[in-house]
Amino acid sequence: MTKHALQESLLNGVSNNSSEENEILTSYSKAGFFSILTFSWMSPLITLGSKKTLNHQDLPLLSANDTACGSFSTFTKNLELECGNVTMVTPIKLVKVLFLSTWKGILMSGLFAFLYVCATYVGPYLIENLVQYLNDENKVKNEGYVLATAFIAAKLVECLSQRHWMFKFQQVGVRMQAMLVSMIYAKGLTLSCQSKEEHSSGEIINLMNVDAQRIGEFCWYMHDIWMSVLQISLALFILQRSVGVASVAAFAATVVVMLLNLPVTSLQERSQAKLMEFKDKRMKATTEILMNMRILKLQAWEMKFLSKIIQLRKLEETWLKKFLIGNAIVRFLFFNAPTFIAVVTFGACVLLGIPLESGKILSALATFRILQMPIYGLPDTISMIAQTKVSLDRIVTFLRLDDLQTDVVEKLPRGSSDIAIEIVNGNFSWDLSSGNTTLKNINLRVCHGMRVAVCGTVGSGKSSLVSCIIGEIPKISGNLKVCGTKAYVAQSPWIQSGKIEENILFGKEMDREKYEKVLEACSLKKDLEVLPFGDQTIIGEKGINLSGGQKQRVQIARALYQDADIYLLDDPFSAVDAHTGSHIFKECLLGLLKTKTVIYITHQVEFLPDADLILVMKEGRITQSGKYNDILTSGTDFMELVGAHRAALSSVKSLERRPTFKISSITGEDTGSLSDFELEQEIENVDDRNGKLDETIVPKGQLVQDEEREKGSVGFKVFWKYITTAYGGALVPFLLLSQILTVVLQIASNYWMALATPVSATEEPVIGNLTLMVVYVSLAIGSSFGTLGRAVLAAIAGYKTATMLFNQMHLSFIRAPMSFFDSTPSGRILNRASSDQSTVDMNISNLAWGFTYNMVQLLGSIAVMSQAAWQVFIVLIPVMAACIWYQRYYSASARELARLTGVCQAPVIQHFSETISGSTTIRSFEQESRFTELNIQLIDKYSQPKLYSASAMEWLNFRLDLLSSTMFAFCLVFLVSFPSSIADPSIAGLAVTYGINLNAIQTNLIWFLCNLENKIISVERILQYTSIPSEASLVIKDNQPDHSWPSFGEVHIQDLQVQYAPHLPLVLRGLKCTFTAGAKTGIVGRTGSGKSTLVQALFRLVEPVAGQILIDNINISLIGIHDLRSRLSIIPQDPTMFEGTVRSNLDPLEEYTDEQIWEALDMCQLGDEVRKKEEKLDSTVTENGENWSMGQRQLVCLGRVLLKKSKILVLDEATASVDTATDNIIQQTVKQHFSDCTVITIAHRITSILDSDMVLFLSEGLIEEYDSPKKLLKDKSSSLAQLVAEYTRRSNTGFGT
């Protein structure tokens, strides 16, 4: 896609339904000179924002250079010129590339910054002249007016250049962030699996979320170093003129203050780096918990895992404390810098006998106040440089990670060869450094149109074989050629959040006829009818509202729709039940894919006879290959697999009196009625609303709603809550008092110096030098103690509040019911736990107290000005009114822009984490460019509100600057016009000194206020999650069951009615049945019949609307949920392992001894596997248990159950992703060790149902059949008999045509 076309599509994408509004808004690129100068191009947007709540459609589009597409293409060009390949990049080169990509903006902002610095020093330079002029008996009016004009002109230049300097660098910042995020995203798509294991997805997301943002924000500090040098030189020039040689002392004092800074800043950097490190660990743990919440709740482990997060947070807090204390010291040093320098300079004057006149003193004081900026800003800049360096290093380390080898697969053009896949002497290894070869001596030739089946035991390298064909595994030696396009179906389904239709089309155009065929082949028709919006249903994150089988089938449909030449299916039949499996095999593999090359892995022997070639894998080698009947006779490995299957089949036969039975009853037509009885997990069975979708109720019925953003002004409640969280607000009055004290004492010390010194050299000093200095120093020390108190108190209050909010929020969401997690994408919770929590940790307390301090300073300045000319109040009142009006007018838009920025950030992160988890699928479909394009659109959607938020702030500041300059101008003109009304020229001079600073204080005040309003949204978002309604209590003290409960394990269900939400229909509609103690019950039923809802009700993941469940005559609704869940066992559908060790995976609550754990491992046949490892029980398990195979993870789940030894065991489709042999291990172990327990199986394979004592057949939330399998099979019309008939027929004949 050309750059131009891409821009076009991006523009259309953003503005599809808002063309009229976008025309109203003149965007930045069309604005004229005057409009840009005064920021008037922002006015239409701000006006619109004051009338209505702004939405994304209202924002003007970005100019071409600001879009991610425009800036990223420049960036990549420069990167290629600079380092050739991304993996060669170094921090220095990355900085250079970033500079080259944005140099115009950087130079422009530098020019404005230079103008600004020069303009700020005009005032201090002229003050002395003004005091002399006012003191002069025979003055010339015009001279006064010239002075006043010079003051005012300098002020205007200062305002304009400052505003444009600030706007420019923020524009550059947004561009840099967009470039880096695009770069990190592109890299995420090409990472090798090895690199992915080193960096968890949580860490990579932090690179986007925190590090790229920090580099963007660094633009604030970009020019500070040279500006500081310039400011200090100009200051010394002015001081040289007013206090002569003493200026050397001033310089020395400045240097001392700056040096004091260095140890503190280096401490800050260390704390910062450590803080990030522990935050990464905490976010990793949080991500893991959110991903596996269902398991944690079922096992009653969630509180243990919460304490793990709290533990990590405690470590993070030790560094946070150090960081905040460092911050307080920095504040103390720098607010006192001007006072300290003044004391030193004036002291030097007294010692050297330089006469002190009030004009010179005022000029010096004004200069010191400006000097405060570089001194105060420098430590910030230094620490920001350090933080940015840390972030750059982190990003560079990531960019330098190994990519997938590009030369693993030699791709031949379509149709150039009659061989589809050829591997010659292939040796492959996931980890090249370890020396372990995953696949050894692979030789394979597959011609076009062949069906190849791959089988073997768990961990034999089947999935690795498929992965090597798509080029995912690094090659050690050998050749691998592939001819044609590929489609791939992964073992654990990868589904994007979005509509089902989008998942199936996967970027292709809609072709109705083909689409319908694909749905039919994957038997998705029926499921889509059940879903509330058919294929327009929005799927939650990771396909949360689809069942395992549905996810798998959507995935198969996606592959079929791509119409590729070669299909690689990694165990596609595992998550679907027998009937659907055979349907998919017939319709897909033998139907739609008849002419294609198909390689499929399967554990189910009945799918093997139809293959043209069968590969048997063992320990990474192909031990046998050939047709079904040839291999059966030739070797042992295959015999083992088939033997296990035959044993299972014979158990079906033994139940049958006659070996065969009439097949005629099941013809093609009514197979549909048996469709698919696999687990429905969520709210699939929402009534289909009579097939007609009522447009008005569409949005509410979707499971995942758009993220809430509060409307209107951030309530005072949020501010109040924030201030009073720590110690009930006890520190607030002390903080305010210390601020007032500081300002009053500072003003008093300046007053004293102005009044106690003579106006001109001819006058005699009234007060002796010693007295002058003693009083001045004592006032200065008083004010510095005020500063110290204020800094320390603010740090304590901020820390305490952050800690309390963190604990409240985490406790609240960990205790939330499962329905909350199903309808809330984890990105939203993670966003609150990472970036919002960071804001509360680091920024908000500074902003809140910075705001009040500036308020006090502003009032102080106005008080001083009115001393010289009380008439200032005439202008003050309208000016203040105008300022407040502007602020209110602007804040409506600003708030919504800030909220939009927050809401638009989550999709970027979510899309990225989805991409990372599905990168294999994306690469095998060769869809990288489409995903990159989508990412670029999402970044732009985030850049828009971010950039306009910055522009809106400059728009406001520019107008407020003009207003405060008006006031300053009035004061000056008044002093020059009516000199006779002035009591004392020194006081007039002091008033002007404070007046010069007025707009700086006012700008600061507004900046603090707006930032506080924007950032307090983080508190608002965290508070939203501190009040989630929680599940029932964990333990009810008055009603705790016996230790031995349940001692029999009888489950009695009475009139059970369950629905997932008040507006959704009932899923279980009054079930009545009893699972007798010690019996084995199989539950069967189609999708949506309520099988897993029954299990969820048993564990109280959903609470019944009516009816009850009794276990050993105790009503489970009356006891604590931990008491209940800890006494039941479950082997869940998705085998889950957590990061940690083997021991922590089997026994996170640390309740068992090592002997017991070894015993359990031996029972589930993992003992030898674990003994082989060096660290035994302490051997590591990586994120999601990635370093264990699917089957091994399933066995670990079995191990957990064996340890727990409950009387009631639930097997939830537990035999899905396991080969027949492992399946037998599980079945045998359960038989052997749970012989006297009640076992409830959500059955999936016919064999596991027929072994059970009773079968419960559910249909649409009601019981259709409940009896022993023997009786049900005698009755040929029973639903069960029909299912078994299908299975036997299929196993005996295969599907051969």
Side-chain angles (χ1 to χ4, degrees), residues 62 66-76 78-79 86 89-91 93-99 101-102 105-106 169-191 199-222 272-273 276 279-280 283 384-401 827 830-831 834-836 838-839 842 901-902 904-913 915-916 932 934-947 949-950:
L62 295 167
D66 289 329
T67 57
C69 174
S71 53
F72 185 53
S73 52
T74 324
F75 178 77
T76 35
N78 289 325
L79 190 69
V86 180
V89 78
T90 61
K93 283 183 178 165
L94 183 60
V95 170
K96 190 171 169 191
V97 172
L98 283 170
F99 176 77
S101 313
T102 51
I106 293 177
F169 69 61
Q170 294 194 71
Q171 197 179 19
V172 169
V174 166
R175 280 183 205 179
M176 282 191 181
Q177 193 176 342
M179 289 172 197
L180 287 167
V181 171
S182 312
M183 189 71 236
I184 293 168
Y185 182 85
K187 178 72 183 183
L189 271 176
T190 60
L191 275 190
H199 282 253
S200 70
S201 50
E203 286 173 50
I204 303 175
I205 286 170
N206 255 349
L207 289 178
M208 271 192 152
N209 213 0
V210 181
D211 296 304
Q213 193 165 348
R214 185 171 290 150
I215 292 170
E217 282 171 4
F218 176 68
C219 300
W220 278 88
Y221 302 92
M222 208 157 35
Q272 180 79 29
M276 281 307 295
K279 182 177 172 194
D280 276 352
M283 288 315 295
M384 194 61 194
I385 288 174
Q387 288 179 30
T388 308
K389 190 178 173 318
V390 171
S391 289
L392 273 169
D393 289 342
R394 282 163 53 108
I395 288 178
V396 166
T397 317
F398 175 67
L399 293 180
R400 294 182 63 120
L401 287 175
L830 289 174
N831 236 345
S834 70
S835 43
D836 290 329
S838 263
T839 307
M842 313 280 228
T901 311
C904 293
Q905 190 174 14
V908 177
I909 294 164
Q910 193 183 333
H911 178 238
F912 183 59
S913 65
T915 305
I916 291 239
T932 311
L934 184 58
N935 179 51
I936 280 179
Q937 290 180 23
L938 289 170
I939 294 174
D940 281 345
K941 213 169 165 179
Y942 167 63
S943 298
Q944 268 177 303
K946 201 174 155 91
L947 190 66
S949 204

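Bear in mind that the values here come from a model prediction, so they are computed numbers and not experimental data.
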Sequence-distant partners of Y185, ring-ring contact (aromatic ring centres under 6.0 Å, His included), two or more places apart: H911, F912
CA sep, side-chain torsions, deciding dist, call: M283, I205, side chain to side chain contact (heavy atoms under 4.5 Å, CB included): CA-CA 10 Å; M283 288 315 295; I205 286 170; over 6 Å; no
Min side-chain heavy-atom separation R214-M384 under 4.5 Å: yes
Side chains of S838 and V210 in contact at under 4.5 Å (non-hydrogen atoms): no
CG-CD1 distance between D280 and I204, expressed to the nearest 0.5 angstrom: 11.0 Å
N/O donor-acceptor pair under 3.5 Å between K187 side chain and L401 backbone: yes
From V97, V89, L399, residue fulfilling side chain to side chain contact (heavy atoms under 4.5 Å, CB included) relative to M183: L399
Partners passing side chain to side chain contact (heavy atoms under 4.5 Å, CB included) against Q905 (at least two apart in sequence or in another chain): N209, Q213, I909, Y942
Derivation and outcome, side chain to side chain contact (heavy atoms under 4.5 Å, CB included), residues Y221 and I385: CA-CA 8 Å; Y221 302 92; I385 288 174; 5.9 Å; no
Rounded distance [0.5 Å steps], CG in N935 versus SG in C69: 12.0 Å
K389 atom NZ, neighbour heavy-atom count above 12 within 6.0 Å: no
Spacing of CE belonging to M208 relative to CD1 belonging to I395, to within rounding of 0.5 Å: 10.0 Å
Contact check, side chains of I106 and F99, non-hydrogen atoms, under 4.5 Å: yes
Spacing of L79 atom CG and L94 atom CG [to the nearest 0.5 Å]: 7.5 Å
D940 side chain to A68 backbone, donor-acceptor under 3.5 Å: yes
Nearest-0.5 Å distance that lies between atom NZ in K941 and atom CG in L62: 12.5 Å
Shortest non-hydrogen contact from S101 toward F75: OG-CA, 3.6 Å
Over all atoms of both residues, closest heavy-atom pair of L938 and V908: O-CG2, 3.7 Å
Q177 versus A212, closest heavy-atom pair with distance: CG-O, 3.8 Å
Shortest non-hydrogen separation from R400 to T90 and the atoms involved: NH1-CG2, 3.8 Å
Spacing of CD belonging to E217 relative to CD belonging to Q170, to within rounding of 0.5 Å: 9.5 Å
